[in-house]
Amino acid sequence: MIVQACINGARSRDFHPRLPLTAQAMAGDAASCVAAGAAELHIHPRGADGRESLAAADATVLAVRQACPGTLIGVSTGAWIENDVARTRAAIAAWRELPDYASVNLSETDAPAVMELLRKQGIGIEAGLATTEDAERFVALADHGRVLRILIEIDIPDLPAALDEAHGIAAILERAGVRRQILLHGVDGTVWPFVDLARQKRWSTRVGLEDGKTLADGTVARDNAEIVAAAAANFRSTSMS
């Protein structure tokens, strides 16, 4: 069970005043999150214009790694970032400061090819499953066992429906005999209920400004570190019980 910090995602600059958008801002923010209890980091590198960029991964990963030595660093490979299959593949193939792992959304058409490209570079894979259809596609892959972990990442705003989808995905993985760590996370209003569910299931979770900006009581957090500290305290309550 770990808490992963997702420090920025695709959020726009006006989402929160402490949203880190430059490599140096991400590095400083990441260090604060690790100090607050994050075991790993999930980042969306940004170019000079503040937009997400796979090409910016080298500089960002290097800066974060220097600030957080020994901490595993992951990045997104979301198809929307480059919005072109060939550009996405070329950008990933050009990485030289390799992240420890990268997230791949099984809802995206090119996901199997992106996963194979990451494997060839020795980069771990977080297989992102947002729906039961994604889960069925994942378990049908011949090499589905060659992933670091499974992300059950539900973006349904209605909590009962989101919980149903998460349990449905977990059931498909169980039936297929998938034995990989599961990291569960929601978005906005489902973030903290999913942290609680992850703790109950002894799964991992992630929190941070990518997924939501409030604490469990609904107040807006000061920064990513405050969100991480709250989730880490939630998880400690299980280990101490």
Given Trp80 and Glu108, is the side chain to side chain donor-acceptor pair (under 3.5 Å) satisfied, shown in steps? CA-CA 10 Å; Trp80 68 87; Glu108 296 172 356; over 6 Å; no

Got a second to check how far [X]'s [atom1] is from [Y]'s [atom2], nearest 0.5 Å?
X: Asn234; Y: Asp196; atom1: CG; atom2: CG; value: 5.0 Å
X: Thr88; Y: Asn83; atom1: OG1; atom2: CG; value: 8.0 Å
X: Ile123; Y: Leu98; atom1: CD1; atom2: CG; value: 4.5 Å
X: Thr77; Y: Arg89; atom1: OG1; atom2: CZ; value: 12.0 Å
X: Thr214; Y: Asp188; atom1: OG1; atom2: CG; value: 7.5 Å
X: Leu184; Y: Leu151; atom1: CG; atom2: CG; value: 10.0 Å

So, the side chain of [X] versus the backbone of [Y]: is there a donor-acceptor pair under 3.5 Å, distance only?
X: Arg11; Y: Leu19; result: no
X: Arg87; Y: Glu82; result: yes
X: Thr60; Y: Ala57; result: no
X: His42; Y: Asn8; result: no
X: Asp100; Y: Ile73; result: yes
X: Lys213; Y: Phe15; result: yes
X: Glu226; Y: Arg222; result: yes

Check whether any side-chain heavy atom of [X] sits under 4.5 Å from a side-chain heavy atom of [Y], and report yes or no.
X: Met115; Y: His144; answer: no
X: Pro20; Y: Asn224; answer: yes
X: Val220; Y: His16; answer: yes
X: Cys6; Y: Leu209; answer: no
X: Phe194; Y: Val207; answer: no
X: Arg179; Y: Leu173; answer: no

Please tell me whether [X] and [Y] are part of a single hydrophobic cluster in this structure, the criterion being side-chain heavy atoms less than 4.5 Å apart.
X: Leu129; Y: Leu148; answer: no
X: Trp95; Y: Ile43; answer: yes
X: Val104; Y: Ile92; answer: yes
X: Ile150; Y: Met1; answer: no
X: Ile154; Y: Val178; answer: yes

NZ/NE/NH1/NH2 to OD/OE distance under 4.0 Å, [X] and [Y]:
X: Asp143; Y: Arg119; result: yes
X: Arg137; Y: Asp134; result: no
X: Glu97; Y: Arg65; result: yes

Between Leu41 and Arg206, does a side chain to side chain contact (heavy atoms under 4.5 Å, CB included) hold up when you go through it step by step? CA-CA 9 Å; Leu41 302 160; Arg206 83 175 198 193; over 6 Å; no

Nearest heavy-atom pair of [X] and [Y]: which atoms, and what distance?
X: Val228; Y: Gly37; answer: CG1-C, 3.9 Å
X: Ala135; Y: Ile169; answer: CB-CG2, 4.0 Å
X: Ala127; Y: Val147; answer: CB-CG1, 4.4 Å
X: Ile227; Y: Gly208; answer: CG2-N, 3.9 Å
X: Ala232; Y: Ala36; answer: CB-O, 4.0 Å
X: Ala94; Y: Asp58; answer: O-OD2, 4.0 Å

Stepwise side chain to side chain contact (heavy atoms under 4.5 Å, CB included) test for Trp192 and Asp217: CA-CA 9 Å; Trp192 293 102; Asp217 64 4; over 6 Å; no

Pair Glu165, Thr131: side-chain N/O donor-acceptor within cut-off below 3.5 Å: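 Absent: no donor and acceptor within the cut-off.
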
Would you say the side-chain atoms of Asn105 and Ser107 include a donor-acceptor pair closer than 3.5 Å?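 Short answer, no.
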
Testing Glu153, His44, Glu126, Arg149 for side chain to side chain donor-acceptor pair (under 3.5 Å) with Ser103, which one passes?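 With Ser103 as partner, Glu153, His44, Glu126, Arg149 yield a single side chain to side chain donor-acceptor pair (under 3.5 Å), made by Glu126.
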
Option from Gln4, Gln181, Arg199 for which side chain to side chain donor-acceptor pair (under 3.5 Å) with Ser204 holds: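 With Ser204 as partner, Gln4, Gln181, Arg199 yield a single side chain to side chain donor-acceptor pair (under 3.5 Å), made by Gln181.
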
Pair Leu183-Ile152, side chain to side chain contact (heavy atoms under 4.5 Å, CB included): steps then yes or no: CA-CA 6 Å; Leu183 188 154; Ile152 298 180; over 6 Å; no

Taking it one step at a time, do Phe235 and Thr205 satisfy side chain to side chain contact (heavy atoms under 4.5 Å, CB included)? CA-CA 9 Å; Phe235 267 36; Thr205 196; 3.5 Å; yes

Could you walk me through whether His185 and Asp211 satisfy the side chain to side chain donor-acceptor pair (under 3.5 Å) test, starting with their C-alpha distance in whole Å, then the side-chain angles of each, then the deciding distance to 0.1 Å, before giving a yes or no? CA-CA 8 Å; His185 69 93; Asp211 289 347; 3.1 Å; yes

